[in-house]
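Everything on this sheet refers to the single structure shown next.
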Amino acid sequence: MERMNVEFYEKIWMWAAAVLLVLFLGTILMTAVSDAIYPPSHMETVNPAALGDSPEFSNPAVSVRPDGSVVVAIVAQLFSFNPNPIEVPANRPVTFRLTSADVIHGFEVVGTNANAMIIPGYVSQFTITFTKPGEYIVGCNEYCGLLHHSMVGKLIVRKELP
Ligand SMILES: [Cu+2]
């Protein structure tokens with residue numbers, strides 16, 4: 001059988017592409033194994049039309065788990081976040097659980113890494129530890145309607161548990 005002739009430079013690029021693939025997949029695998037960091041799964045669903053019946057989202061609030069970590073349930077809807085303001089302690093893991101009662105919204109705590117898309121029907125979840133006490137602006141960063149620009153909330157990070 002005749003051997004396929006591959007140009008020298010083409011070979012280099014093929015190998016370079018292969019190395020990049022291994023590098024990128026390896027990075028994901030490494031952070032998954034060592035730091036338990038995974039891409040958002042969107043596996044948890046909730047009925048957006050029946051949030052009033054949900055024990056968690058009918059009266060969304062900040063709660064403290066027995067181990068001292070903090071959970072914040074938040075419902076976004078045209079054009080506000082509930083609860084508002086949100087009060088959390090500094091230097092403790094805070095898990096945000098977000099859902100929407102209507103359209104897609106965003107949840108961004110300005111000046112931090114806290115940033116998620118809020119999709120009706122799903123629960124977006126992430127955990128973050130705020131180290132600097134103070135007041136932060138929460139903005140919706142997905143265009144959601146005429147008053148999107150006014151969809152702003154406040155997050156207060158206290159030195160101690162509020
Ligand atoms: Cu919005």
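Just so you know, residue 1 is the first one in the sequence shown, and it goes up from there. Being a predicted model, the structure only gives us computed values, none of them experimental. Read the numbers this way: they start at 1 and go in the same order the structure lists the ligands and their atoms.
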For a quick test of your reading: what N or O donor-acceptor pairs under 3.5 Å do the side chains of residues 53-81 make, sequence neighbours left out?
| unit_1 | atom_1 | unit_2 | atom_2 | d |
| --- | --- | --- | --- | --- |
| Ser54 | OG | Glu56 | N | 3.2 |
| Ser54 | OG | Phe57 | N | 2.9 |
| Glu56 | OE1 | Arg97 | NE | 3.4 |
| Glu56 | OE1 | Arg97 | NH2 | 2.9 |
| Glu56 | OE2 | Arg97 | NE | 2.6 |
| Ser58 | OG | Ser54 | O | 2.8 |
| Arg65 | NH1 | Ser69 | OG | 3.2 |
| Asp67 | OD1 | Ser69 | N | 2.9 |
| Asp67 | OD1 | Ser69 | OG | 2.7 |

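- A donor-acceptor pair is defined here as one N or O able to donate and one able to accept, closer than 3.5 Å; no such pair exists between the side chain of Tyr9 and the backbone of Lys11.
- Between the side chain of Thr99 and the backbone N or O of Tyr122 there is at least one donor-acceptor pair closer than 3.5 Å.
- Looking at residues two or more places apart in sequence or on another chain, you find a side chain to side chain donor-acceptor pair (under 3.5 Å) between Asn141 and Glu108, Asn115.
- Protein N/O/S atoms found under 2.8 Å from the Cu ion (ligand 1): His105 ND1, Cys140 SG, Cys144 SG, Met151 SD.
- Between Phe126 and Phe107, the ring planes are tilted. Angles from 30° to 60° get that label.
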Run the side-chain donor-acceptor check on residues 29-36: report pairs under 3.5 Å with partners two or more places apart or on a different chain.
| unit_1 | atom_1 | unit_2 | atom_2 | d |
| --- | --- | --- | --- | --- |
| Thr31 | OG1 | Thr27 | O | 3.1 |
| Thr31 | OG1 | Ile28 | O | 3.0 |
| Ser34 | OG | Met30 | O | 2.8 |

